[in-house]
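Positions are given from 1 along the sequence. Fair warning: this is a prediction, and the values are worked out from it, not measured in the lab.
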Amino acid sequence: MGKSSHTIKYTWEEWVTIEEHIDEEFTKYVNKSGIPCGVDSDVRKKCESLAHFSHERSGENLMVVDMQGSVHSLFNPEIASKELVDGEEVLFSIGNLSLTAINNFIEHHTECSFYCTLLRR
């Protein structure tokens, strides 16, 4: 069974999410700056293909980045969006590094893997 998280009300105006403890080694595959990191593994290639696919599928308006976890369980991704704010509201979260993350990924993702090809079908 997969890991679960629970959202609880911490105070009158604040909510928090509590996740189960991860016993296995925790690895970052694509950081929130959009740069692939760590060993060039199968899991990292899959994470890169998800970032690439999300960018193409959204019409180049956003990208899933900050993919990390243990084996095939990923936790706490961020979304980088082309537009950082809408009015006075930051889109998605304060971790949204916007075009910085998107441009970094495009610069460092110089060769598509087999998984990128699969997602284009």
Where Gly69 and Phe75 come nearest, the two heavy atoms and their spacing: CA-CD1, 3.9 Å
Minimum heavy-atom distance between Met63 and Ala51, given as atom pair plus value: CG-O, 3.5 Å
Transitive ILVMFWY cluster of Val85, excluding itself - 4.5 Å side-chain cut-off: Leu84, Val90
Nonpolar side-chain network containing Phe92, other nodes, edges under 4.5 Å: Leu62, Ile79, Leu91
Side chain to side chain, Phe105 and His55, heavy atoms closer than 4.5 Å: no
Spatial distance of atom OH (Tyr115) from atom NZ (Lys45) [nearest 0.5 Å]: 7.5 Å
Heavy-atom donor-acceptor pair, Ser93 side chain to Gly95 backbone, under 3.5 Å: yes
Non-hydrogen atoms of Gln68 and Tyr29 that approach each other most closely: CA-CD1, 4.1 Å
Closest approach of His109 to Cys116 (non-hydrogen atoms, all atoms of both residues): NE2-SG, 3.5 Å
Check against side-chain contact (heavy atoms from CB on, under 4.5 Å), Met67 and Leu50: CA-CA 9 Å; Met67 288 177 263; Leu50 176 59; 3.7 Å; yes
Heavy-atom side-chain proximity of Asp66 to Lys28 below 4.5 angstrom: yes
Cluster check Ile106, Val65: I/L/V/M/F/W/Y, side chain < 4.5 angstrom: yes
Side-chain donor-acceptor contact under 3.5 Å, Ser81 with Asn96: yes
Reported OG1-to-NZ distance for the pair Thr100 and Lys32, which is rounded to 0.5 angstrom: 11.5 Å
Spacing of Glu78 atom CD and Leu97 atom CG [to the nearest 0.5 Å]: 7.5 Å
Expected output: side-chain Ser70 to main-chain Glu25 donor-acceptor under 3.5 Å: yes
Closest contact, heavy atoms only, Pro36 versus Gly34: CD-O, 3.5 Å
Neighbour count >12 (heavy atoms, 6.0 Å) for atom CZ, Arg120: yes
Heavy-atom check, side chain of Ser49 versus side chain of Leu118, under 4.5 Å: no
Minimum heavy-atom distance Gly38-Arg44, with the two atoms named: O-NH1, 2.9 Å
Co-membership, hydrophobic cluster, residues Val30 and Val64, 4.5 Å side-chain: yes
Pairing residues for Lys82 by the side-chain contact (heavy atoms from CB on, under 4.5 Å) criterion, not counting sequence neighbours: Asn61, Leu99
Heavy-atom side-chain proximity of Glu48 to Ser113 below 4.5 angstrom: no
